[in-house]
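For reference, the structure discussed in these notes is given below.
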Amino acid sequence: MPSLFDPIRLGAIDAANRILMAPLTRGRADRDHVPVAIMAEYYAQRAGAGVIISEATGISVEGSGWPFAPGLWTVAQTEAWKPVTEAVHRAGGRIVAQLWHMGRVVHPLFTGHVPVSCSATTAPGKAHTYEGRQPYVAARPLELGEIPRLLDDYRHAARNAKAAGFDGVQLHAANGYLIDQFLRDNSNFRDDAYGGPIENRIRLLGEVTQALIDVWGADRVGVRLSPNGDSQGVNDSRPDLLFPAAAKALSDLGIAFLELREPAPDGTFGKPDHPPVHPLIRAAFAGPLVLNSDYDGERGQAALDADEADAIAFGRAFLSNPDLPRRIAEKLPLTPNDMATWYGPGTAGYTDYPLYEAA
Ligand SMILES: Cc1cc2nc3c(=O)[nH]c(=O)nc-3n(C[C@H](O)[C@H](O)[C@H](O)COP(=O)(O)O)c2cc1C
């Protein structure tokens with residue numbers, strides 16, 4: 001079985017090791033969702049990851065509702081990503097852009113419009129906005145006639161990701177955002193071709209993935225799913241049936257890799273409410289499978305040894321340990337991360353986490 005330090009090809013993307021950086025929203029872009037200079041430094045510091053999956057990046061005004069999160073729908077955003085991807089490449093790394101439409105969790109304060117979703121539902125809790133935490137508002141269902149425009153928005157952002165110098169894209173189909181709102185049965189009440197049976201609920205996932213493939217080729221498109229447990233109020237009664245079917249559809253499209261955020265029962269970032277789904281997905285998906293949530297070096301290697309995964313994505317550990325692969329290799333202590341600085345602003349808790357130095 002491979003070691004975490006063996007190289008791996010994810011489609012056409014050559015990763016030097018199997019320690020991927022999971023997507024981490026950091027809220028350091030400007031108010032127009034344009035990346036800023038410190039983001040190049042931050043990502044370059046973490047270029048030792050086999051592949052960096054970028055923080056979730058908006059595909060459109062309609063899909064973006066996180067303060068100071070970056071986008072990829074304007075020329076200014078696209079241009080400002082170039083120094084980031086160049087810095088990562090100069091440091092020997094690879095970086096893919098995680099493409100994001102938040103669906104019902106976009107607060108109208110960002111867009112001036114009620115959010116769109118699969119069905120007329122309201123996310124629980126409150127949104128982060130520039131005016132503090134605000135209760136979510138009811139979404140309106142996307143009309144059938146709007147789906148082609150949505151696919152165009154994804155294609156447009158995918159083309160911009162290419163122009164910006166990324167090595168590929170990852171579709172954010174996890175964590176209760178738009179695609180996940182279509183996938184799971186407590187947020188999808190449609191009675192058209194996108195609702196009801198599983199083959200219909202996975203339709204949008206397949207169409208959006210195909211749209212990204214149109215731009216990039218399948219070997220540079222990844223997808224992220226969160227197959228087990230509530231995400232921002234989105235959940236499913238039979239993930240053991242839904243997600244293997246989704247994985248099979250993605251397998252048939254030949255995508256470069258599939259990444260899963262699936263917490264274990266002792267998970268500290270979400271909780272599962274079903275037995276593990278990843279073994280069922282492993283059986284349904286022929287390409288490289290990446291697992292995430294609460295892994296450390298030991299657990300990650302054990303997952304590779306058991307052939308549960310081909311690579312592991314590390315989130316919070318990368319946030320506070322820019323040299324994470326070295327620390328795992330040499331069993332060095334990890335620096336804890338500070339939640340207070342997860343979402344900015346500024347360089348504190350962002351670019352100032354040190355490389356390991358022996359005391
Ligand atoms: C600060 C922070 C920001 C996150 N942002 C994203 C994101 O933009 N996209 C995404 O898919 N997941 C996001 N996540 C989830 C992580 O990718 C990952 O699934 C989670 O941290 C669990 O993995 P870990 O135990 O290795 O940290 C975020 C998590 C944290 C802590």
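We're numbering straight along the sequence, starting at 1. Given the structure is predicted, the values throughout are model-derived calculations rather than measurements. Both counts, for ligands and for their atoms, begin at 1 and track the order of listing.
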What part of [X], side chain from CB on, backbone N/CA/C/O, both or neither, has a heavy atom under 4.0 Å from ligand 1?
| X | result |
| --- | --- |
| Phe314 | backbone |
| Thr268 | neither |
| Tyr343 | side chain |
| Arg26 | neither |
| Asn292 | side chain |

Can you report which non-hydrogen protein atom sits closest to [atom], along with the distance?
| atom | value |
| --- | --- |
| atom 9 (N) of ligand 1 | Gln98 OE1, 2.9 Å |
| atom 29 (C) of ligand 1 | Phe269 CZ, 3.4 Å |
| atom 17 (O) of ligand 1 | Pro23 O, 2.7 Å |
| atom 30 (C) of ligand 1 | Leu24 CD2, 3.6 Å |
| atom 4 (C) of ligand 1 | Thr25 N, 3.4 Å |
| atom 12 (N) of ligand 1 | Arg224 NH1, 3.0 Å |

Against heavy atoms of [X], which atoms of ligand 1 measure under 4.0 Å?
| X | answer |
| --- | --- |
| Ala22 | 17 (O) |
| Asn175 | 10 (C), 11 (O), 12 (N) |
| Arg261 | 19 (O) |

If you define the side chain from C-beta out and look only at heavy atoms, does anything of [X] sit under 4.5 Å from [Y]?
| X | Y | value |
| --- | --- | --- |
| Met21 | Val51 | no |
| Glu62 | His101 | yes |
| Pro23 | His172 | no |
| His278 | Phe243 | no |
| Asn160 | Val75 | no |

Close approach, Ser293 and ligand 1, non-hydrogen under 4.0 angstrom: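 The answer is yes: ligand 1 sits under 4.0 Å from a heavy atom of Ser293.
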Option set His172, Arg316, Met339, criterion heavy-atom distance to atom 27 (O) of ligand 1, minimum: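 Among His172, Arg316, Met339, the closest heavy atom to atom 27 (O) of ligand 1 belongs to Arg316.
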Evaluation steps, side chain to side chain donor-acceptor pair (under 3.5 Å), between Gln98 and Ser54: CA-CA 5 Å; Gln98 190 188 49; Ser54 83; over 6 Å; no
Ring centers of Tyr343, Phe68 separated by less than 6.0 Å: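 Aromatic pair excluded; centres sit 6.0 Å or further apart.
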Aromatic contact, Trp73 with His156 (centres under 6.0 Å):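 No, they do not, as the ring centres are separated by 6.0 Å or more.
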CA sep, side-chain torsions, deciding dist, call: Arg46, Asp323, salt bridge (charged side-chain N to carboxylate O under 4.0 Å, His left out): CA-CA 6 Å; Arg46 288 155 180 78; Asp323 52 351; over 6 Å; no
Using a 3.5 Å cut-off on N or O atoms only, is [X] in polar contact with ligand 1?
| X | answer |
| --- | --- |
| Ala56 | yes |
| Asp294 | yes |
| Gly315 | yes |

Residue pair Phe285 / Ala247: nearest heavy atoms and the distance that separates them: CD1-O, 3.5 Å
Aromatic plane relationship, Tyr194 with Phe182 - under 30° parallel, 30 to 60° tilted, over 60° perpendicular: perpendicular
Among Asn175, Asn228, Asn292, the one residue meeting side-chain hydrogen bond (donor to acceptor under 3.5 Å, both in side chains) with Arg261: Asn175
